[in-house]
Amino acid sequence: MHNGTTITQFIIEEQRHISGATGDFTSLLNDIVTACKVISNMVNKGDLIGVLGSAGSENVQGETQKKMDILTNEVFIKSNEWAGHLAAMASEEMDDIYPIPEGKPRGKYLLTFDPLDGSSNMDVNVSVGTIFSILRCPGEGAAPTEASFLQPGTEQVAAGYAIYGPSTMMVLTTGHGVNGFTLDQDIGEFILTHPNMTIPENTREFAINASNNRFWEYPVQRYVEECLAGSEGPRGEDFNMRWIASMVAEVHRILTRGGIFMYPLDSKMKEKGIGGKLRLLYEGNPMSFIIEQAGGAAITGRERIMEITPNALHQRVPVVLGSKNEVQRVLDYHREHDAMDAE
Ligand code: AHM
Ligand code: MG
């Protein structure tokens with residue numbers, strides 16, 4: 001018998017404080033949790049069930065899909081389409097929105113997700129994760145369209161991620177702080193192990209794919225250069241660096257011990273006409289909600305990510321998130337640079 005609080009118990013108790021809660025939301029979260037348990041099991045079995053490697057197809061963003069991208073997308077749809085809580089879903093792995101099919105009850109929420117973020121890490125057995133966000137469907141029962149999803153991140157009702165690492169964890173916010181749960185494989189339940197996760201305001205650890213250095217804008221180059229100069233540079237302190245190429249793992253580290261994560265805008269993206277690497281609806285917004293709820297900050301470099309009104313389902317944004325004071329510094333560097341440019 002475990003003595004901890006299960007994620008279901010936690011959500012039910014949290015919802016009790018919300019007047020007018022119907023139980024719909026609790027039940028939706030439960031279905032998401034189930035989907036993540038199924039994905040955890042698949043990730044864990046790996047090549048034993050032949051799920052590694054490429055699927056030979058491309059997603060809407062022209063990225064090669066892994067077999068697991070497609071399979072985990074399917075798991076999320078099957079787990080969440082039947083119960084009547086959702087009006088539609090949107091995923092990094094689907095070109096268009098997925099309205100709840102005819103014949104199934106339609107609910108009041110929208111779900112966006114990246115079913116397996118960092119999936120290129122699957123083949124090398126490094127942590128991957130699932131990211132999700134819940135919005136209300138606007139328009140009082142009207143059929144959902146792509147426009148229904150184009151809401152700023154400040155409208156999110158909940159966001160979370162599951163990380164499939166040495167242990168499987170679920171980290172969740174409903175706008176009242178951030179809590180982490182660890183999957184007890186023996187009983188198949190997520191148990192509250194990390195209540196009230198908070199990010200230290202200061203850090204001496206940064207994460208960025210430094211191979212893109214020559215393509216970055218000056219403010220990012222300046223920030224990283226100063227970190228690298230360490231105790232001999234203007235910061236007067238040595239910094240540590242990490243790059244896992246798995247945003248979920250990166251964010252999880254920051255929630256655990258602080259840090260700053262950056263996937264900034266660069267000249268290669270500008271040439272391609274895209275606004276960043278990471279997607280606003282499936283990665284930027286949910287992670288920003290979690291980071292802010294844990295006391296951190298999340299910006300594009302120039303503005304708060306959650307205040308952007310999306311203009312397309314698969315819109316991409318630059319992402320700078322983590323410990324508040326470092327994120328503020330990156331913002332200041334962009335402002336100084338832009339002000340000089342304007343002179
Ligand atoms: P994905 O959703 O296709 O997996 O891409 C997102 C991932 C993030 O998890 C990670 O931070 C980034 O891509 C890594 O990019 P790079 O390979 O350029 O370092
Ligand atoms: Mg992703």
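When a ligand or atom number is given, it counts from 1 through the structure's own listing order. We use all heavy atoms of the structure for the numbers below, so side chains are in, but hydrogens, waters and symmetry mates are not.
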For side-chain hydrogen bond (donor to acceptor under 3.5 Å, both in side chains), just list the numbers for Thr8 and Asn30, CA-CA rounded to whole Å, side-chain angles, deciding distance to a tenth of an Å, and then say yes or no.
-> CA-CA 7 Å; Thr8 311; Asn30 254 327; 3.2 Å; yes
Trace of the side-chain hydrogen bond (donor to acceptor under 3.5 Å, both in side chains) decision for Tyr263 with Glu283 = CA-CA 12 Å; Tyr263 215 118; Glu283 295 161 332; over 6 Å; no
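- The contact set between ligand 1 and Ser119, taken as ligand atoms under 4.0 Å from a residue heavy atom, comprises 4 (O).
- The aromatic rings of Tyr282 and His314 are tilted relative to each other, their planes meeting at an angle between 30° and 60°.
- Salt bridge annotation for Arg302-Asp338: present, with a cationic side-chain nitrogen under 4.0 angstrom from a carboxylate oxygen.
- Taking the six-membered ring for Trp and the full ring otherwise, Trp243 and Phe206 have centroids separated by 6.0 Å or more.
- Proximity to Asn209 (heavy-atom distance under 4.0 Å) selects the following atoms of ligand 1: 16 (P), 18 (O), 19 (O).
- In the vicinity of Trp243, heavy-atom distances shorter than 4.0 Å reach the ligand 1 atoms 14 (C), 19 (O).
- With a 6.0 Å radius and a threshold of 12 heavy atoms from other residues, nucleotides or ligands, Asp332 has its CG atom above the threshold.
- The protein atom (non-hydrogen) at minimum distance from atom 8 (C) of ligand 1 is Met247 N, 3.6 Å.
- Taking the Mg ion (ligand 2) as reference, the nearest N/O/S atom within Glu283 carries the name OE2.
- Annotation: angle subtended at the Mg ion (ligand 2) by Glu92 OE1 and Asp114 OD2 is 70°, to 10°.
- The pair Arg235-Glu326 meets the salt-bridge criterion, with a side-chain N (NZ, NE, NH1 or NH2) lying under 4.0 Å from an Asp/Glu carboxylate O.
- Residue nearest to atom 1 (P) of ligand 1, selected from Glu92, Glu93, Met287: Glu92 (by heavy-atom distance).
- In terms of protein heavy-atom proximity, atom 6 (C) of ligand 1 is nearest to Asp117 OD1, 3.4 Å.
- Enclosure of atom NZ in Lys37 by more than 12 non-hydrogen atoms of other residues, nucleotides or ligands within 6.0 angstrom is indicated.
- Ionic pairing of Arg304 and Glu307 is present here: one or more N-O contacts between side-chain nitrogen and carboxylate oxygen are shorter than 4.0 angstrom.
- Using a 4.0 Å cut-off to heavy atoms of Asp114, the atoms of ligand 1 that qualify are 2 (O).
- From the protein, the heavy atom lying nearest to atom 5 (O) of ligand 1 is Arg279 NH2, 3.3 Å.
- The shortest heavy-atom distance from Leu278 to ligand 1 is under 4.0 Å.
- Of all N, O or S atoms in Asp117, the one lying closest to the Mg ion (ligand 2) is OD1.
- Here is the list of ligand 1 atoms found below 4.0 Å of a heavy atom in Phe261: 11 (O).
- Taking the six-membered ring for Trp and the full ring otherwise, the centers of His85 and Tyr109 sit at least 6.0 Å from each other.
- Summary of contacts: the protein heavy atom closest to atom 4 (O) of ligand 1 is Gly118 N, 2.7 Å.
- Applying the 4.0 Å criterion to heavy atoms of Glu283 picks out, from ligand 1, the atoms 2 (O), 6 (C).
- At the shortest separation from atom 15 (O) of ligand 1 among protein heavy atoms lies Tyr263 CE1, 3.3 Å.
- At the shortest separation from atom 13 (O) of ligand 1 among protein heavy atoms lies Lys277 CE, 3.2 Å.
- The environment of CH2 in Trp82 is sparse: at most 12 heavy-atom neighbours from other residues, nucleotides or ligands sit within 6.0 Å.
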